[in-house]
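Worksheet: the structure to be examined is printed underneath.
Only this structure's heavy atoms are used, side chains among them; waters, hydrogens and symmetry mates stay out. By convention in this document, chain letters (A, B, ...) are assigned in the order of the sequence lines, proteins followed by strands, and residues within each chain are numbered from 1.
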2 protein chains.
Amino acid sequence: MLVGDCVTVMNGLPAGSVDMVFADPPYNLQLGGDLLRPNHSRVEGVEEDWDKFADLATYDRFTRDWLAASRHALKDDGCLWVIGSYHNIFRVGSALQDLGFWLLNDVIWRKTNPMPNFRGRRFTNAHETLIWAAKSKEARYHFAYEAMKSLNDDLQMRSDWLFPLCTGQERIKDADGNKAHPTQKPEALLYRCIMASTEPGDVVLDPFFGTGTTGAVAKRLGRSWIGIEREHQYAQVANARIAAVQEAPNKELLYAPAKRQAPRVPFGWLIERGLLNPGTVLSDQRRKHTAHVRADGMLIGSNHLGDHCGSIHQVGAAMQGLPACNGWTFWHFDAGNGEQRPIDMLRQKVLAELHC
Amino acid sequence: MLVGDCVTVMNGLPAGSVDMVFADPPYNLQLGGDLLRPNHSRVEGVEEDWDKFADLATYDRFTRDWLAASRHALKDDGCLWVIGSYHNIFRVGSALQDLGFWLLNDVIWRKTNPMPNFRGRRFTNAHETLIWAAKSKEARYHFAYEAMKSLNDDLQMRSDWLFPLCTGQERIKDADGNKAHPTQKPEALLYRCIMASTEPGDVVLDPFFGTGTTGAVAKRLGRSWIGIEREHQYAQVANARIAAVQEAPNKELLYAPAKRQAPRVPFGWLIERGLLNPGTVLSDQRRKHTAHVRADGMLIGSNHLGDHCGSIHQVGAAMQGLPACNGWTFWHFDAGNGEQRPIDMLRQKVLAELHC
DNA sequence: AGTAAACGTGAATCGTTGA
DNA sequence: CTCAACGATTCACGTTTAC
């Protein structure tokens, strides 16, 4: 965790020392006057000085500088993620190409609950864009193909991702109840980026650390992290937040091996969304069988019948010595007070979110 | 339908003669060698000469030229749509901003049936990006808000659209059964763009006409169209296709009525026409506030905030202590049996009379 | 206590017309 | 040109308050 200007700090790092950069730079929103909701309440936009640029040329210079410094810090086979909106993402994408980066995908974060367009003058701005890029056309970047497939119902992960905004308990508030940072990103989003393109032990760097979402998820996933933030206040919040994060107890669970068999449901989404954590112990209702959750959505368990590894259905079946098993109703988690709940409850929660 | 170079042709058009440009330019895909499916069949990509550019600078020049020519042809209050992928959309978006266009939305076409990523090295590229831009920040572009809302189950239309690829009957094949054009777009996509940002009778121009999807949909929707295409073969296909399109028999059905466009009805007209009488008591829905109608069309009311006199809007705002209020929907009258109806109902009655 | 209604809010480039 | 008046406009959730 370093407080300071990200360009200076990154240029001071040893060249080629970082496996992945995740950047959430200022979007240069160029907001006009106040925007009122139909009920006349005022929308709190991003009004901080750090999002103010004199003109497009100034923003382009800023973008080129931090991208070049990221390039210096990145390993040759490392990769970079940037998130943005239509205000800035075209400037960022062009600069990436100009600097020699090789674009791998643009990824769409579709929001389940975006802010509406209150004046009815445009389409509801319901998504943000991420760019995933390697350092060069020839680079041998890492892609956890099987893990991504497993996280998506055993279908190839697509370039459009659905997540809710960061609200509720996850959203960090200050003592007065105001949001600590205007643009905090959901951990589920970072989870997918980090799982997709790094391995445990890799170094993840975030030049616009804010309240430290990248660091929190990196720690949870057993990756090392470097956070750079200019504002002391944000850095302080980030430090406290990350200190409270539990690392996965068993590092083995964080690996996403190359081959696996199919689960019938996207169990992995529960993990991405933080409804279950890697390392969590699941058990059947009578507590005769137990298994551990792995980061890529597979279970691991052992009993007198042997060692078991696979989908929630496969492990449930194997441990009972049965030909098949519905893992969603078989496996339970501890909901506090020693109360057991089927993991299907969590699936319903996610399903409810997706109903938009 | 014009055969030739789109820059030359557009620069030859009268300045400001076009309401909307829809452009599907070459994507500059930079494909490497052949791509084989797992069964070793070869994927037919875009291999035509028109998608080959020497380098990024050449592509940028090309982009700037056709965008500038489009700008020349566009009316000041016209708008432009471009579709692209991550290979070219960042160049296009930056060029648009550099040329003074004002971005309104980026819109994601999510494909229901994208081509899988056969190599398993990236996310399935399951979307394309459209940019919707006005000619300037101050331009008064057209947006069919109500039409878009009604096309989306009475919820605001979002920036992510779901459509299948153009396949089956809609996909034009040549005599040998090969696809006539490698990147034919679905008509549903054009339908939404044209409906959203033009009115019947408007002129829609497509500088990369291909097999004429834009013209076919424009004709179907009662819009005029101009198509520019360099390749004779494509132009021929487009002409035959559009000739077979039926225009809507009833032009009335093509209009998307907007509340904004209705003529203004002063509140006083209701009194003049005897729909309300001087002295009538109006109240809000919860009957918390009441006011009296004056013969001159002003309202009078009193509450703990003081005595109020003015327009329906002013008094509604003042009595609620709000900065503004739509009096038409706020105030209600007694329609008999103690039933309350908004005075907007009476305005609709007058509007209907005016339409005869 | 339990259910229902009300309230708050999120990276937002969010008017038009006539005097 | 500016200024004032008109009047059009919201979805999904989590949290709080009311009944």
Which part of the nucleic acid does Asn28(A) contact within heavy-atom distance under 4.0 Å: base, sugar-phosphate only, or nothing? nothing
Assign Pro266(B) to base, sugar-phosphate, or nothing according to its heavy-atom contacts below 4.0 angstrom with the strands shown. nothing
Check the chi torsion on dT13(C) and let me know: syn if it falls within 90° of 0, anti if not. syn
Closest to the side chain of Arg119(A), out of dA11(C), dG7(D), dG10(C), is dG7(D)
Pairing nucleotide - dT10(D), Watson-Crick or G-U, each distance under 3.5 Å: none
So that I know where these two stand, are Phe209(A) and Trp225(A) an aromatic pair - ring centroids less than 6.0 Å apart? yes
Main-chain N/O of Asp160(B) paired to His127(A) side chain as donor or acceptor, under 3.5 Å: no
Taking atom P of dG8(C) as reference, at what distance in whole Å does atom CG of Asn178(A) sit? 14 Å
Should Thr124(A) be listed as having a side-chain N or O under 4.0 Å from OP1 or OP2 of dC11(D)? no
Rounded distance in Å - CD1 (Ile89(A)) to P (dA11(C)): 16 Å
Between dT15(D) and Gln169(A), is there an OP1 or OP2 to side-chain N/O distance shorter than 4.0 Å? yes
Side chain of Arg140(B) (C-beta onward), nearest among dT10(D), dT13(C), dT16(C): dT16(C)
From dT15(D), dG7(D), dG10(C), nucleotide with atom closest to Asn326(B) side chain: dG7(D)
Are OP1 or OP2 of dT10(D) and a side-chain N or O of Lys149(B) less than 4.0 angstrom apart? yes
Name the pairing partner of dT16(C), where a pair is Watson-Crick or G-U wobble with both distances under 3.5 Å, or state none. dA5(D)
So, do Trp161(B) and Trp109(B) have ring centers that fall under 6.0 Å from each other? no
Would you say a side-chain N or O of Asn125(A) is under 4.0 Å from OP1 or OP2 of dT13(C)? yes
Does OP1 or OP2 of dC13(D) have a side-chain N or O of Arg171(A) closer than 4.0 Å? no
When only distance counts, do a donor and an acceptor, one from the side chain of Arg37(A) and one from the base of dG10(C), lie under 3.5 Å apart? yes
Closest listed nucleotide, where the reference is the side chain of Gln97(B) and the choices are dC13(D), dT17(C), dT13(C): dT13(C)
Would you check, one step at a time, whether the test salt bridge (charged side-chain N to carboxylate O under 4.0 Å, His left out) holds for Asp24(A) with Lys185(A)? CA-CA 9 Å; Asp24(A) 183 8; Lys185(A) 296 292 178 290; 2.9 Å; yes
So for Lys179(A) and dA11(C), does any side-chain atom that can act as donor or acceptor lie under 3.5 Å from a complementary atom in the base? no
Within a radius of less than 6.0 Å around CD of Gln348(B), do more than 12 heavy atoms belonging to other residues, nucleotides or ligands occur? yes
Using heavy atoms to find the nearest nucleotide of DNA chain C for Asn113(A) and Asn105(B) separately, return the residue whose nucleotide is more 5′. Asn113(A)
Just call it for Thr183(A): base, sugar-phosphate, or nothing, with non-hydrogen atoms closer than 4.0 Å on any strand. base
Report the distance from atom CG of Asp34(A) to atom C1' of dT9(D), rounded to the nearest whole Å. 16 Å
Tell me: CG of Leu96(B) to P of dT13(C), nearest whole Å? 17 Å
When all nucleic acid strands are considered with a 4.0 Å heavy-atom cut-off, which category describes Gln156(B): base, sugar-phosphate, or nothing? sugar-phosphate
Whole-Å distance, Phe330(B) CZ to dC6(D) P, equals 16 Å
Quick note, Leu35(A) side chain, CB onward, closest among dT9(D), dC14(C), dG10(C) is dC14(C)
Both conditions, 6.0 Å and 45 degrees, for the charged tip of Arg71(B) above the ring of Phe101(B): are they met here? yes
Considering every strand shown, what is the Watson-Crick or G-U wobble mate of dA11(C) when both distances are under 3.5 Å? none
Would you indicate what Arg347(B) reaches in the nucleic acid, counting non-hydrogen atoms under 4.0 angstrom: base, sugar-phosphate, or nothing? sugar-phosphate
I'd like to know whether the aromatic ring centres of Phe143(B) and Trp132(B) sit less than 6.0 Å apart in this structure. yes
Tell me which nucleotide among dC14(C), dG7(D), dA12(C) gets nearest to the side chain of Arg122(A). dC14(C)
From C-beta outward on His40(A), which listed nucleotide comes closest to its side chain: dT9(D), dG7(D), dA12(C)? dT9(D)
Categorize Leu104(B) for me: base, sugar-phosphate, or nothing, with a 4.0 angstrom heavy-atom threshold over every strand shown. nothing
Considering only atom P, compute the distance from dA8(D) to dA12(C) and round it to an integer number of Å. 26 Å
What is the distance, rounded to the nearest whole Å, between atom CE of Met115(A) and atom P of dC14(C)? 13 Å
Spacing between Tyr145(B) atom OH and dG15(C) atom C1', to the nearest angstrom: 14 Å
For Ser311(B), report the nucleic acid contact type (base, sugar-phosphate, nothing); a contact means any heavy atom under 4.0 Å. sugar-phosphate
Which comes earlier along DNA chain C counting from the 5' end, the contact point of Asn39(A) or that of Gly33(A), where each point is its nearest nucleotide? Asn39(A)
May I ask you to verify if any side-chain N or O of His313(B) is less than 4.0 angstrom from the OP1 or OP2 atom of dC6(D)? no
Is_stacked (Phe118(A), dC14(C)) at 5.5 Å, 30 deg: no
If you check the Trp328(B) side chain, which of dA8(D), dA12(C), dG10(C) turns out closest? dA8(D)
Options dT13(C), dG10(C), dG7(D), nucleotide nearest the side-chain atoms of Trp102(B): dT13(C)
Distance-only, no hydrogens or angles: does the Asp106(B) side chain make a donor-acceptor pair with backbone N or O of Ile131(B) under 3.5 Å? no
Please pick, from dG7(D), dT16(C), dA11(C), the nucleotide with the shortest atom-to-atom distance to any side-chain atom of Asp24(A). dA11(C)
Could you tell me how far apart Leu299(B) (CG) and dA5(D) (C1') are, to the nearest whole angstrom? 15 Å
Ring centers of His181(A), Tyr234(A) separated by less than 6.0 Å: yes
